[in-house]
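Proteins get letters first, then strands, A, B, ... in listed order; numbering begins at 1 in each.
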Amino acid sequence: MNIIVCIKQVPETTEVRINPETNTLIREGVKSIINPFDMYAIEEAVRLKEKMGGKATVITMGPPQAEAALREAISLGMDEAILVCDRAFAGSDTWATSYTLSGAIKKIGAFDLIICGKQASDGDTAQVGPGISAHLDIPQVTYVKKIEEVKEKLMRVERMMEEGYEIIEIPLPCLLTVVKEINEPRLPSLKGMMRAKSAQITTWGQNDLNLDPRQIGLSGSPTQVVKIFTPPHRTGGQILKGEIPEIVGQLVDLLRLEVP
Amino acid sequence: MDYLLTDEQKMVKELAHKIAEEKIRPVAAIYDQTEEYPWDIIKVIADAGLFGLFIPEQYGGMSVGVLNLCIATEEMSRACGGIAVCYAASALGTFPIVLFGSEEQKKKYLPDLASGKKVAAFAVTEPEAGSDASAITTSAKKQGDHYLLNGLKHFITNGGDAEIYVVIAMTDKTKGARGASAFIVEKGTAGFTFGKKEDKFGIRASSTRELIFTDCKIPKENLLAREGMGFIATMKTFDMSRPGVAAQAVGIAQGALELAVKYAKQRHQFGKSISSFQGIQWMIADMATQVEAARAIVYATARMVDAGIKDVGRESAMAKMYASDTAMKVTVDALQIFGGYGYMKDYPIEKYVRDAKITQIYEGTNQIQRNIIALEIIKELAR
Amino acid sequence: MSIQVIIEKCTGCTLCVKACPFAAISMIEKKAIIDLGKCNLCGACVPACKFKAIILEKISVKCETPDIKDYQGIWVFIEQKRGKVQSVAYELLGKARDLALKLKCSVSGVFIGNDLGDQLDELICHGADNIYLVEAPELAEFQDEPYTNVLVELIKKHHPEIVLCGATAIGRSLISRVAIRVKAGLTADCTGLDIDPEKKILLQTRPAFGGNIMATIISPNYRPQMATVRHKVMQPMEPDKRRKGKIIRESFDAELYFSRTRLLDIVEEVESLVNLAEADIIVSGGRGMGGPENFKLLEVLAHVLGAAVGSSRAAVDAGWMPYSHQVGQTGRTVAPKIYIACGISGQIQHLVGMQSSKIIVAINKDPDAPIFKIATYGIVADLFQVIPALTKRFQETLKK
């Protein structure tokens, strides 16, 4: 099976703290990591590869430092890595990003399956995965929580919905976005880490890809950010005082009207 | 301190650190309470390739030496000394095969140990033969194409959960110390049973059991090296594994130190953080320096072993003794810093004190280590 | 496109440093320096600078939707499951009415499925002026491709200026594909929608970085302007039975209804009796619960309140609760009316998942626990005494 995994390097938001005095984010020394949802995509691809044989390629669009994310993906079991990087891609919103990534995937050539994480923890849009499948005109299933069966040209998957799940049959080649329920990502192995260290990362810029320059980067992005602000800081209310029976009584009185 | 680790050693450290923080730390308290063998974690460690650190490449390992083993053990011990010792004890049981095994024996046993599918254990101690290892009475009588093993081993780490045991037994009592031999015994062999699991003070995630041999038939192919090599194999094995135990102690001490400093920072009394009091600061300074010194001696010893230096008995003993004494002191000091909270099982520090104690006892008590060191020094300096 | 700091104008006030979500600006010798390797050209620093010292040059956009002026009206995708309209659609109709007032335009619902006739009146009562109805047996249940094809054709034919959709599993999947096909700007999970009074364009506000910051986004040059909104963020309007609306039936070539994927089965899971994401009240437990058996206490309280049971990551990692109940950075984000945190210390990773709750009640024996900083009502006491007492009191008061 020829599998492509799309990942994104994001800031580790668990490390982001709010400065209580200025109400702003403390961003010094924030680490960059592979988007947590993409770890599940990588793991699923490695499992499929172990079961069915084949090759898994990891691809990301980002600045040069995103190479570290690709190397980490290799240490987890990816065979090859491609970095899509060019100043011209900066400022891309999800439309331009999925367009650019599709261009790179077209250059990779034939594939059976593209796997993406459900969403990125910085943008949280969940749009790039479906965007890629739209640009490539391939079928998709989002929120996959289990791959039940893989046959030569057909796959059966479980798609997580709000109150349960759907069972969907999808032909290959196709794109899946996966949720955390799908697997437990493995830790890297020593052998993997060594391989990652010496691996060759292929880098593709604008000139390597057949892209319409008006559809990449800032000019290719229909959406623009006009303002960024920190949400109103939530402050504490009151600590209820007294013996437990009193406190409990107070609390129930305060809350009873909100209980449907 | 920068120990000028190679890239490979840094990778081992990073990987072991990740396992410690993501997989071991969250469950350490639970395993300490339930005393279940941490097979889940063993699998994670195995999948990461860390069981291969003490096994040559051609048998499925990576053969990268004792310093790497120490680094991995230390990092994991920071999170839980009990879980880490399951790993280190398997190394202990594997070394005799790596050092003295024949090609057939290595091919048969090492791959499963490298992949973590099976764990090993080393069995020399008996109820009447602790520090005085030469007093063992477990016997192995040769009968044609097999040996008949009879006797009792006790306080064996990984006992009952390991599949592969290296057992030291007397083949010729008349020869004294040269009459002992080493055998590979597999779990499930007829006549090989286990006693009850010991209820321990610390390292409770690991299993410690008696091994009972009653007319246990072992094929002669399972003899390691030759008859009479038993204690030599034991000594050489301990030389390799002692830095590992020392590393476990360093890890426990480091883990305790980190917890104590974090606690001191957030605990406020008299209007400020207790970490701003000189008394606490001096304690922390002493603890940190002692841990660093212990680490330095362990790493130096491990490097000597990796460099192929033959006689590392004294250095091994120094490393083990110093690191374990340091662990005991640092963990108790750390608990003191926690104050009343430190005494409560709700807080993780008391476990470190309990885990540290055994490092002063097993793999040769610190009293025996002192004997070894003193005799060596006297021999060398007072010729 | 390029960005630069006019050094002479820069006073070193650091407002731009604080505004940058990518930590791309640093102060070197009291002058702002932008690290182009980290800069994403988002432009957040430009308005932040009081001295107009940062210039962001954008290449004039040549590619845009032609005849933008022709695009009129606000559309709401009416999500249905097994023929039943989902409540998020009513909420969006309510919001669409607010927006329509400012734009002086109409609100239309886009309703795709089969045999939907009985729901049309309800939609009109809730704010739809028109309903574009597309019915066919192949469209009975949602599938990505046919629904995408239909919505794309409708947009191409009728040129709405704004399209709103619920940020549900269905909605997010569908609308992303549509946005690519019609080359439109799409903003996901908006918590705020408004109309810019001058430019008459849609202002879409949403959280980023796990909710740590908010961003306002526009799609000035492309139509339609598309946004998805989560359930329970907007309010439906009071249904007005006097309202009248127009039903516009549309149908398309059968090949547009063709789906390469096949829906084989729908499995409902009764496991999570009260869906965490939907619950109005959540009773949540953390490390302070001490063990899995103690969560029974919370389940009893939850039952009395009709609440869902949540959990912090600590309790899930310890194996006391399944991951599906985890609230926080790496679990679910919830915004119930009442969130009762029991034995939860309040690390930021957890707060991020529940800080938008209307009322937060914290019960923890540690007075220094960070959760008390954001709790509406805090109780510093042993939860094993408080919870049973609370349960009993609620039981008596609510007569359950």
field: chain A contact via C:Gln385 - side chain, backbone, both or neither, heavy atoms under 4.5 Å
entry: both
task: Report the distance from atom CZ of C:Arg177 to atom NE2 of A:His135, rounding to the nearest 0.5 Å.
output: 11.0 Å
- prompt: Where does C:Leu351 contact chain A at under 4.5 Å (heavy atoms): side chain, backbone, both or neither?
  reply: neither
field: Part of C:Ala375 within contact of chain A (heavy atom distance under 4.5 Å)
entry: backbone
message: What part of C:Val361 gets within 4.5 angstrom of chain A, counting heavy atoms only: side chain, backbone, both, or neither?
response: side chain
field: Top contributor to chain C contacts, counting heavy-atom pairs under 4.5 Å, from A:Ser221, A:Gly131, A:Pro245
entry: A:Gly131
- prompt: A:Gln250 versus chain C, heavy atoms under 4.5 Å apart: side chain, backbone, both or neither?
  reply: neither
task: With sequence neighbours left out, write down each residue that passes side-chain contact (heavy atoms from CB on, under 4.5 Å) with C:Glu141, or none if nothing qualifies.
output: C:Arg82, C:Leu263, C:Ile266
- request: Sort C:Lys358 into side chain, backbone, both or neither according to what part of it lies under 4.5 angstrom from a heavy atom of chain A.
  value: both
message: Using the rule given for side-chain contact (heavy atoms from CB on, under 4.5 Å), can you reason through A:Thr142 versus C:Arg172, listing the C-alpha separation, both sets of side-chain angles and the distance that settles it, and then say yes or no?
response: CA-CA 9 Å; A:Thr142 54; C:Arg172 295 170 96 190; over 6 Å; no
query: Roughly how far, to the nearest 0.5 Å, is the OG1 atom of C:Thr261 from the CZ atom of A:Arg156?
result: 14.5 Å
- prompt: Who in residues 95-103 of chain A is close to chain C, using a strict under-4.5 Å heavy-atom cut-off?
  reply: A:Trp95, A:Ser98
task: Would you mind telling me which of A:Ala126, A:Pro139, A:Pro130 has the largest number of heavy-atom pairs within less than 4.5 Å of chain C?
output: A:Pro139
- request: Calculate, to the nearest 0.5 Å, the distance between atoms CG and OH belonging to A:Leu254 and C:Tyr377 respectively.
  value: 4.0 Å
message: Using heavy-atom distances under 4.5 Å, tell me whether C:Thr205 contacts chain A through its side chain, its backbone, both, or neither.
response: side chain
task: Under 4.5 Å heavy-atom distance to chain A, tell me which part of C:Ile338 shows up: side chain, backbone, both or neither.
output: side chain
field: Toward chain C, the part of A:Ile138 with a non-hydrogen atom under 4.5 Å
entry: backbone
message: Let me confirm one number: the OG1-CD1 distance from A:Thr94 to C:Ile180, rounded to the nearest 0.5 Å.
response: 6.5 Å
query: Is it the backbone or the side chain of A:Tyr165 that comes under 4.5 Å from a heavy atom of chain C, or both, or neither?
result: both
statement: If you tally heavy-atom pairs under 4.5 Å between each of A:Gly62, A:Gly164, A:Gly129, A:Ala120 and chain C, the highest tally belongs to A:Gly164
- prompt: Side chain, backbone, both or neither: which part of C:Ala389 has a heavy atom under 4.5 Å from chain A?
  reply: both
- request: Working to the nearest 0.5 Å, report the span between NZ of A:Lys180 and CD of C:Gln326.
  value: 7.5 Å
- line: Turns out that what part of C:Leu174 lies under 4.5 Å from chain A's heavy atoms comes down to neither
- request: Can you run down the salt bridge (Lys or Arg N to Asp or Glu O under 4.0 Å) pairs that involve residues 245-254 of chain A, sequence neighbours left out, and say none if there aren't any?
  value: A:Asp253-A:Arg256
- prompt: Measuring heavy-atom distances to chain C, does A:Asp137 have an atom under 4.5 Å in its side chain, in its backbone, in both, or in neither?
  reply: both
- prompt: Step by step, would you call C:Asn221 with A:Gln224 a side-chain contact (heavy atoms from CB on, under 4.5 Å)?
  reply: CA-CA 10 Å; C:Asn221 302 311; A:Gln224 301 170 15; 4.0 Å; yes
query: Taking atom CG of C:Leu56 and atom CG of A:Leu218, what is their separation to the nearest 0.5 Å?
result: 6.5 Å
Check: C:Arg260 side chain, A:Cys174 main-chain N or O, donor-acceptor pair, under 3.5 Å: no
Candidate pair A:Ile167 and C:Val267, rule side-chain contact (heavy atoms from CB on, under 4.5 Å), full reasoning: CA-CA 8 Å; A:Ile167 302 181; C:Val267 177; 4.3 Å; yes
- prompt: Which bit of A:Leu255 comes within less than 4.5 Å of chain C, counting heavy atoms only: side chain, backbone, both or neither?
  reply: both
- prompt: Is there a donor-acceptor pair under 3.5 Å between the side chain of A:Gln140 and the backbone N or O of C:Asp144?
  reply: no
Which donor-acceptor pairs under 3.5 Å do side chains of residues 34-41 of chain A form with protein atoms, sequence neighbours excluded?
from	atom 1	to	atom 2	distance (Å)
A:Asn35	OD1	A:Ser121	N	3.0
A:Asn35	ND2	A:Asp38	OD1	3.2
A:Asn35	ND2	A:Asp38	OD2	3.4
A:Asn35	ND2	A:Gln119	O	2.8
A:Asp38	OD1	A:Gly117	N	3.3
A:Asp38	OD2	A:Lys8	N	2.7

